[in-house]
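Here is the naming used below: chain letters follow the sequence lines, and residue numbers restart at 1 for every chain.
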Amino acid sequence: MSDAPLRLRFAPSPTGFFHVGGARTALYNWVLAKRLGGTFVLRIEDTDEARNSPEWTQGIIDALAWLEISADDPAFEGPYFQSRHRDAHIAAARKLFDTGQAYYCDLTSEQIAERAKASGVQGYDGSSRDRGLGPGPGHVLRFRVPDGETIVEDLVRGRVEFNNDTIEDFVLLRSNGSPMFLLANVVDDMDEKINLVIRAEEHLPNTPKQQLLWDALGEPPPQWAHVPVLVNEQRKKLSKRRDKVALEQYRDEGYVMGAMRNYLMTLGWAPAGDQEIVAWSQIEGEFTLDAVNRSPAFFDLKKLAAFNGEYIRMMSREEFAHAARPFVDAWFAANPQATMNESWLATMLPLLQTRIVTLAEVPAQIDFLFIGDPVIDDDSWAKAMKDPAPQVLADVISAYAQTPWNADALKDTLDAVGQTYGLKLGKTQAPIRVAVTGQRVGPPLFEPLELLGRDETIRRLQAAATRIASTR
RNA sequence: GCCCCCAUCGUCUAGUGGCCUAGGACACCACCCUUUCAAGGUGGCGGCACGGGUUCGAAUCCCGUUGGGGGUGCCA
């Protein structure tokens, strides 16, 4: 490798939501840029006019920022837009044509398919190579693949050999004159002085073609590193159609950045030691490409969830309250009849921190506090209100009329009632919990009772007693 | 079809010829703790795809088989 400063790039196309696979590739590029003092170039490959849309570009920038790949960081350069370099791509194409390394071809896709069918050999057969065609309507510019073999030295996969006979004369310029990916990508890498390309393995078959282009244009190719693809449970490449791949969606569902970032890094790589949940600083200090795995990795939602729960538990109370806030606010916005009580929220939040996996679960755990009547879950009701629950309920109502109103006393009083029926506390609290919260499971019970106060608690207990009476 | 890549518990991985009776994590199961549910603790289940070599010695090196994946566009 030369002594030139390390320049990496991440080159997504703005054709949809930001993909978790793209996020992993971006992270691998970013961590190396930070680790080695290199530059991370963001290049938006917006040359597919049919599928591009400007809003996706902002989505990419926002998603990267969420992962703390910040446009404000000195290591970050860009974004550059490939579409603005069209002239350079075309100039490179012209140079290849002028030097005899590319030629025009007027065959349509249909004609090529017919010839392939007739000859039994798939792909384009190079039949226009020596026809001396110039540019014109319906003419594409094709690269004249030289004889020999192309050897790709890959930092992850080692030496990969391709016989040039297996590489067809690929298209550089469409018949409308616009440059194609293979060319544009190389010319931009050249212009931006990229010397290490880290991308997904699906690009490995493109690499000999691109390396040939570098040679033909008279520049030494960059180093390559092809990282394994991310796959679904069927072990197929993650796809936007089939799989949940939008990074934004995970963020909106309450996955936290640290967990996502840490998890993504462990798909194909592992930090030293027995710990895989580690600080970003450790990852930055340890990551190397030769330690990256070569086989595809399954993007496992369960493990992501486990990481997320772990990261939530690692938060301080303040961090957790801050992180949960948008989800609480969203719930109140959707439930205008509910009344916010900041102090109650602050009391409950710490009780939730070990009980949720995503931040989006927060509102459902505490909503009963802020609405007039809890929404009774039928299944919970049926299970909790079996005998002797009605009698327990009645006894608790009268006992709670005079108990000192604090969580400890409420617990002791309830326990005492239960014992007269030979019940353990776990059983005794069930009907009370359902009466007050509507649910059989939830956060610890006595703290919210204390918050709700004697009147409201007894009102809810009585409502439950009435409901029992009316269904008998 | 052709080209290329890959192959350690169900999953993500550690392992770079002896430290491996293969380690960790997720998931799963059991027990403990416990006001429900979690969290936490303890323990358990479970793997080097197969067949040949090389070597005193192979999860590690070589070859083959099988299996999986990627590519094969006037998409990127």
Side-chain angles (χ1 to χ4, degrees), chain A residues 11-15 45-48 50-52 82 105 107-109 112 120-124 138-142 152 154 156-158 160-163 165-168 170-178 180-182 184-185 200-208 226 228-229 231 233-237 263 266-277 290-291 293-300 302-307 309-310 313 351-357 365 380 384 407 410-411 414-415 418 424-430 432-434 437 439-446:
Chain A
S13 55
T15 55
E45 302 218 329
D46 55 349
T47 52
D48 182 356
R51 293 198 299 156
N52 282 337
Q82 186 160 66
C105 170
L107 268 60
T108 63
S109 304
I112 291 168
V121 182
Q122 279 221 347
Y124 177 66
H139 295 194
V140 299
L141 183 70
R142 289 184 177 273
V152 172
D154 190 284
V156 171
R157 329 197 79 87
V160 186
E161 300 178 11
F162 297 85
N163 187 324
D165 291 348
T166 67
I167 304 172
E168 68 177 40
F170 52 92
V171 174
L172 265 15
L173 253 31
R174 297 183 183 89
S175 56
N176 68 4
S178 66
M180 286 200 54
F181 161 74
L182 257 6
N185 188 257
E201 190 195 348
E202 65 207 61
H203 287 291
L204 189 54
N206 290 146
T207 309
H226 289 89
V229 292
V231 298
E233 45 282 277
Q234 279 83 238
R235 305 221 59 93
K236 302 279 191 204
K237 191 172 72 161
Y263 177 63
T266 66
L267 258 20
W269 177 81
D274 279 346
Q275 205 68 27
E276 55 186 0
I277 293 191
D290 59 2
N293 253 306
R294 290 176 297 280
S295 41
F298 170 46
F299 185 79
D300 185 356
K302 282 191 174 169
K303 190 148 184 177
L304 204 215
F307 269 54
E310 192 75 30
R313 276 170 252 133
L351 302 175
L352 304 187
Q353 213 170 334
T354 61
R355 293 179 163 76
I356 57 164
V357 162
Q365 294 266 328
S380 293
L410 292 167
K411 176 184 169 188
L414 187 79
D415 198 17
K424 292 195 170 169
L425 188 51
K427 277 275 188 218
T428 316
Q429 56 95 45
I432 312 306
R433 176 182 293 280
V434 173
T437 73
Q439 296 283 338
R440 194 164 74 250
V441 301
L445 181 60
F446 303 104

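- Comparing atom distances between the A:P444 side chain and each of B:rC26, B:rC12, B:rU36 picks out B:rU36 as nearest.
- In this structure, A:S380 contributes its side chain and A:Q439 its backbone to no donor-acceptor pair below 3.5 Å.
- Residue contacts for A:Q353: at a heavy-atom cut-off of 4.0 Å it reaches no nucleic acid atom on any strand shown.
- For B:rC62 and B:rU16, the C1' atoms lie 16 Å apart once the distance is rounded to whole Å.
- The closest side-chain donor-acceptor pair between A:R174 and A:S178 falls under 3.5 angstrom.
- In terms of position along RNA chain B, the nucleotide closest to A:E161 lies nearer the 5' end than the nucleotide closest to the other residue of the pair A:E161 and A:V441.
- As a whole-Å value, the separation of A:L304 CG from B:rC12 C1' is 12 Å.
- Closest approach to the A:R294 side chain among B:rA7, B:rC12, B:rC75 is made by B:rA7 (side chain taken as heavy atoms from C-beta onward).
- The side chain of A:A306 approaches B:rC26 more closely than any other nucleotide in the set B:rC26, B:rA39, B:rA14.
- As judged by a 4.0 angstrom heavy-atom cut-off over every strand, A:A430 is placed among residues making no nucleic acid contact.
- Looking only at distances, a side-chain donor or acceptor of A:Y263 sits under 3.5 Å from a matching main-chain atom of A:D300.
- A:F170 comes within contact range of no nucleotide atom at all, as no heavy-atom separation falls under 4.0 Å.
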Under 3.5 Å between N/O atoms: give me all the protein pairs with nucleotides 68-72 of chain B, atom names plus distance.
| from | atom 1 | to | atom 2 | distance (Å) |
| --- | --- | --- | --- | --- |
| B:rG69 | OP1 | A:K236 | NZ | 2.6 |
| B:rG70 | OP1 | A:K237 | N | 3.1 |
| B:rG71 | OP1 | A:K237 | NZ | 2.7 |

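- Spacing between atom NZ of A:K411 and atom C1' of B:rU36 amounts to 13 Å, rounded to whole angstrom units.
- Side-chain N/O atoms of A:S109 and base N/O atoms of B:rC74 include no donor-acceptor pair closer than 3.5 Å.
- Judged by distance alone, with hydrogens and angles left aside, the side-chain atoms of A:Q82 form no donor-acceptor pair with the main-chain N or O of A:T47 at under 3.5 Å.
- With hydrogens and angles ignored, the 3.5 Å screen pairs a side-chain donor or acceptor of A:R235 with a backbone N or O of A:P296.
- To the nearest 0.5 Å, atom CD of residue A:E202 and atom NZ of residue A:K237 are 4.0 Å apart.
- Among the heavy atoms of the strands lying under 4.0 Å from A:V160 are primed sugar atoms or P, OP1, OP2 only; no base atom is included.
- Going from atom NZ of A:K236 over to atom CZ of A:F298 covers 14.5 Å, rounded to the nearest 0.5 Å.
- In this structure, CG of A:D300 is placed 14 Å from P of B:rG10, rounded to the nearest angstrom.
- Taking every heavy atom of both residues into account, A:H226 and A:E201 meet most closely at CB-CA, 4.0 Å.
- Under the 3.5 Å distance criterion, the side-chain polar atoms of A:R440 are left unmatched by any main-chain donor or acceptor of A:R433.
- Comparing the C1' positions of B:rU13 and B:rA76 gives an interatomic distance of 31 Å, to the nearest angstrom.
- Counting distance only, with no hydrogens placed and no angle test, the side-chain atoms of A:S13 and the base atoms of B:rA76 include no donor-acceptor pair under 3.5 Å.
- Comparing B:rC61 with B:rA39, their P atoms are spaced 39 Å from each other, to the whole Å.
- Residue A:L172 is out of contact with every strand shown, counting any heavy-atom pair closer than 4.0 Å.
- Checking B:rC50 for Watson-Crick or G-U wobble geometry (two distances, each under 3.5 Å) identifies B:rG64 as its partner.
- Taking the C1' atoms as reference points, B:rC45 lies 7 Å from B:rC29, given to the whole Å.
- Between B:rC9 and B:rA14, the distance separating the two P atoms is 13 Å to the nearest Å.
- In this structure, the CE atom of A:M180 is 5 Å from the P atom of B:rA76, given to the nearest Å.
- Nucleotides B:rG67 and B:rC50 have their P atoms positioned 15 Å apart, rounded to a whole Å.
- Note on A:L445: a base of the nucleic acid sits closer than 4.0 angstrom, heavy atoms only.
- Taking the C1' atoms as reference points, B:rC12 lies 15 Å from B:rA7, given to the whole Å.
- For the atom pair OG (A:S13) and CZ (A:F181), the distance works out to 9.0 Å, reported to the nearest 0.5 Å.
- In terms of position along RNA chain B, the nucleotide closest to A:G268 lies nearer the 5' end than the nucleotide closest to the other residue of the pair A:G268 and A:H139.
- A:R355 has no side-chain polar atom (N or O) that falls below the 4.0 Å cut-off from OP1 or OP2 of B:rU36.
- Taking a pair to require two hydrogen-bonding distances under 3.5 Å in either a Watson-Crick or a G-U wobble arrangement, B:rG43 pairs with B:rC29.
- The interatomic distance linking A:N163 (CG) with B:rC2 (P) rounds to 15 Å, in whole Å.
- Taking a pair to require two hydrogen-bonding distances under 3.5 Å in either a Watson-Crick or a G-U wobble arrangement, B:rC2 pairs with B:rG71.
- Taking atom CZ on A:F298 and atom C1' on B:rC9, their separation rounds to 15 Å, with Å as the unit.
- Between the side chain of A:K303 and the base of B:rC12 there is at least one donor-acceptor pair of N/O atoms closer than 3.5 Å.
- If you take CG of A:L425 and P of B:rU36, they are 7 Å apart, rounded to a whole angstrom.
- Among the heavy atoms of the strands lying under 4.0 Å from A:Q429 is at least one base atom, whether or not backbone atoms are also near.
- Side chain of A:F446, nearest nucleotide from B:rU13, B:rA27, B:rU35: B:rU35.
- Whole-Å rounding puts the A:K427 NZ to B:rU34 P distance at 18 Å.
- The residue A:P12 sits apart from the nucleic acid: no heavy atom pair falls under 4.0 Å.
- Taking the C1' atoms as reference points, B:rC6 lies 36 Å from B:rG43, given to the whole Å.
- Here A:T47 reaches the OP1 or OP2 of B:rA76: one of its side-chain N or O atoms lies under 4.0 Å away.
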